[in-house]
Protein chains: 2
Amino acid sequence: MKDLHGTKVTLEEVAQAAGVSRATASRVLTSDPRVSPDARRAVERAASKLGYVPNQAGRALATGRSDAIALVVFEPTTLLFGDPFFPRLIRGLGDVLTSRDMQLILLAPQSAPDSDRVERYVAAGHVDGALLVSLPTSHTLPGRLASRGIPLVIGGRPTEPDRFNYVDVDNVAGAAHAVAHLVAGGRRAIATVTGRKDVPAGQDRLRGYQEGLKTAGLPADDALIEAGDFTRDGGARAMRFLLIKRPRLDAVFVASDLMAVGVLQALAEAGRRVPEDVAVVGYDDDPMAAGLQPPLSSVRQPIEEMGREMARLLMDAVHSPDRPPRKVLLTTRLEVRFSSAPVAPKLTGEAL
Amino acid sequence: MKDLHGTKVTLEEVAQAAGVSRATASRVLTSDPRVSPDARRAVERAASKLGYVPNQAGRALATGRSDAIALVVFEPTTLLFGDPFFPRLIRGLGDVLTSRDMQLILLAPQSAPDSDRVERYVAAGHVDGALLVSLPTSHTLPGRLASRGIPLVIGGRPTEPDRFNYVDVDNVAGAAHAVAHLVAGGRRAIATVTGRKDVPAGQDRLRGYQEGLKTAGLPADDALIEAGDFTRDGGARAMRFLLIKRPRLDAVFVASDLMAVGVLQALAEAGRRVPEDVAVVGYDDDPMAAGLQPPLSSVRQPIEEMGREMARLLMDAVHSPDRPPRKVLLTTRLEVRFSSAPVAPKLTGEAL
DNA sequence: CCTTCATATGGGAGCGGTCCCACACTCTAG
DNA sequence: CTAGAGTGTGGGACCGCTCCCATATGAAGG
């Protein structure tokens with residue numbers, strides 16, 4: 001009803017209106033128990049009547065905290081917004097943060113100067129800590145922030161795992177599991193479209209692929225490995241190369257579902273049927289995976305859980321800055337769909 | 001080289017190290033001209049040696065500004081991240097903001113309490129102003145923020161156009177243009193899949209569709225109008241309804257490209273050829289539009305330009321708070337591709 | 001009835017900047 | 001040689017809040 005056009009209301013005015021001192025008013029607003037019910041009521045009434053909102057700068061200056069954390073994403077804006085990974089991660093973060101009344105601030109440095117800007121932003125005390133995701137290998141930002149004493153949690157395996165808090169999914173096991181599944185389905189010439197090689201997740205999924213082949217006793221063949229870049233078009237391009245180099249491949253493990261879309265498209269163009277001629281397994285279990293033609297088998301990562309763990313770790317780091325770095329490793333689950341159905345049993349087979 | 005583990009460096013210390021007063025050091029850091037070259041050099045050396053970063057809270061408290069603005073997006077997180085609109089908008093905003101050393105803070109309220117939280121956040125002085133986009137009709141947030149004297153710019157047409165700064169694209173003209181193009185291609189039974197009716201853009205595109213029909217002298221037919229929700233699946237669903245209600249339609253104007261993907265899918269399922277049987281025109285000119293089968297004609301909005309204009313308007317509003325509200329209207333362009341090719345000329349036609 | 005203790009409250013010192021104002025000093029002009 | 005203007009600098013108030021510390025008040029205990 002009564003709003004006070006533009007005039008910023010201060011705690012002083014609220015205290016005056018409530019007939020108490022600034023200190024008492026402050027206690028009410030910070031939920032300090034040592035206030036009489038009368039005073040509390042009076043302050044609350046005055047605050048809501050005046051439309052009082054505590055000034056962030058004043059509070060931050062006095063407390064040394066900002067009640068906000070940064071999510072720093074090293075990803076071109078277009079990819080950031082294209083990738084379903086982020087909404088899921090943010091949802092997980094939100095689960096933990098909103099309950100503690102913490103703000104999440106998204107920063108997406110696009111260049112080296114941007115990266116410096118992030119450092120200044122964080123060092124200026126805008127936030128109490130930072131979450132770093134899709135960090136390029138051996139980026140210096142974590143080290144620089146750490147040396148300023150900023151609480152940090154990294155998403156994915158950092159270059160120096162012992163120095164930082166981090167949360168990762170077991171990408172190696174996830175990829176190996178996918179390969180084992182393809183082998184179990186009777187596939188023998190299993191190719192892979194990798195992710196970006198400068199991202200640990202990309203490296204680990206490739207390693208898992210290789211380990212999976214080894215476990216199955218299948219030979220390694222570099223011509224069955226083609227680099228992608230986590231984009232749809234990159235996936236299509238890689239698949240076309242693979243088909244030229246190894247026309248007789250019968251399965252592909254793709255390091256992301258987005259790339260798998262491109263892969264399916266390239267296979268369709270080449271007249272290969274999925275899964276009859278070529279089985280495909282993706283990674284991420286994107287919501288669209290089940291809706292593709294054919295429905296795409298995919299390695300599901302517990303991304304929301306990852307967000308929750310990252311937020312928890314950071315909260316701990318903010319509150320006890322001297323605790324040694326911790327790590328959390330989460331496991332994946334393979335969602336089996338039609339794109340990786342087993343090869344039809346040879347009619348010469350034994351059973352049946 | 002020398003970093004100072006965790007210790008926050010203050011201006012006082014920099015001044016001391018440079019052998020000047022805090023006031024002089026402050027002048028150097030705020031690029032005040034009234035400093036001797038000697039003092040300037042000394043302060044700059046000291047600051048970089050100590051790794052000094054000005055404390056945001058202190059500065060904000062003293063200046064009353066935060067050098068940040070909020071982009072408030074009323075959109076479920078999943079949509080926000082799926083929609084190519086936002087990276088483009090953000091790029092446009094960035095063009096203007098980075099040159100003025102302003103931070104962009106993304107807020108995506110998902111619920112009514114979230115919306116209150118945004119109000120508090122902005123009112124607390126975290127940001128100097130706010131950009132509001134995809135605001136549901138008659139949402140109260142703009143009014144509430146305005147009554148607190150917060151500089152505001154709205155993306156899209158607000159409910160009370162005279163009260164706020166806003167930037168909009170001429171959705172009516174864009175949609176009418178698309179319809180005119182379909183008419184020129186020989187189509188007569190032109191349907192539409194609308195956007196969300198609670199968003200001005202959705203309303204305006206529908207109105208443009210209706211005006212387009214009227215201009216062409218074609219009858220209005222409510223059965224040719226089906227509501228979508230700006231999602232792919234919503235588009236597919238709407239198209240299926242249209243095909244049941246009006247099997248003989250020969251063109252569809254779809255209020256977004258994402259929905260158009262669903263529309264194309266539904267048409268393919270129904271065995272309709274595009275553009276032979278049904279012409280399709282989308283809206284947004286999503287990067288993927290050209291890559292669809294068939295390549296999709298689409299109304300292109302100058303989204304980056306919209307971002308730039310919004311940022312400029314807000315900067316002006318921040319610096320001169322008493323200026324009356326301004327509006328900027330941007331025009332669209334129709335990208336013609338194969339999905340709306342003209343009907344084959346009847347062989348009984350006159351020419352050739 | 002006077003201490004002792006718990007509890008509610010106010011005074012006031014910072015937090016780290018900015019910026020107004022006064023001051024010293026140099027330079028020019030009368 | 002001195003008044004006046006111009007220039008660089010330091011002192012210190014202030015921004016709005018939190019929180020330590022001292023004080024007032026009332027209840028409990030000897």
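In this text the structure is predicted, and so the values were computed from the model without any measurement. Chain A is the first sequence line, chain B the second, and so forth, proteins listed ahead of strands; every chain is numbered from 1.
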For A/R59, report the nucleic acid contact type (base, sugar-phosphate, nothing); a contact means any heavy atom under 4.0 Å. sugar-phosphate

May I ask you to decide whether A/R308 forms a salt bridge with A/E305, counting only side-chain N to carboxylate O separations under 4.0 Å? yes

Report the distance from atom CZ of B/R22 to atom C1' of C/dT18, rounded to the nearest whole Å. 9 Å

Heavy-atom donor-acceptor pair, A/R27 side-chain to D/dT18 base, under 3.5 Å: no

Is there a side-chain contact between B/S26 and the phosphate of C/dT18, meaning an N or O under 4.0 Å from OP1 or OP2? yes

C/dC15 P sits how many Å from A/L61 CG, rounded? 9 Å

Let me spell it out: for each of A/R34 and A/T30, pick the nucleotide of DNA chain D with the closest heavy atom. Which residue's pick is nearer the 5' end? A/T30

What integer distance in Å separates B/D32:CG from D/dT9:P? 11 Å

Any side-chain to backbone donor/acceptor pair from B/E309 onto B/M306? Under 3.5 Å, distance only. no

Are A/S36 and C/dT9 close enough that a side-chain N or O sits under 4.0 Å from OP1 or OP2? yes

Which whole-number value in Å describes the distance from A/Q16 CD to D/dG16 P? 14 Å

Here the pair of heavy atoms bringing B/A68 nearest to B/I105 is CB-CD1, 4.2 Å

Can you tell whether the side chains of A/R59 and A/D67 come within less than 4.0 Å, N to carboxylate O? no

Hey, which sits more toward the 5' end of DNA chain C by its nearest nucleotide, A/A23 or B/E12? A/A23

N/O (side chain, A/S21) to phosphate O (OP1/OP2, C/dT9) under 4.0 Å: no

Looking for any heavy atom pair under 4.0 Å, which part of the strands does B/A39 touch: base, sugar-phosphate only, or nothing? sugar-phosphate

Report the residue (B/R40 or A/L29) whose heavy-atom-nearest nucleotide on DNA chain D is the more 5′ of the two. B/R40

Between C1' on D/dC17 and NZ on A/K8, what's the gap in Å once rounded to a whole number? 16 Å

Among C/dG10, D/dG10, D/dT18, which is the nearest nucleotide to the side chain of A/T24? C/dG10

Would you kindly give the CD-to-C1' distance between B/Q56 and D/dG16, to the nearest whole Å? 14 Å

Please work out which of the three classes, parallel, tilted or perpendicular, describes the rings of B/H139 and B/F74, given edges at 30° and 60°. tilted

Rounded to the nearest angstrom, tell me the gap between atom CG in B/N55 and atom C1' in D/dC17. 14 Å

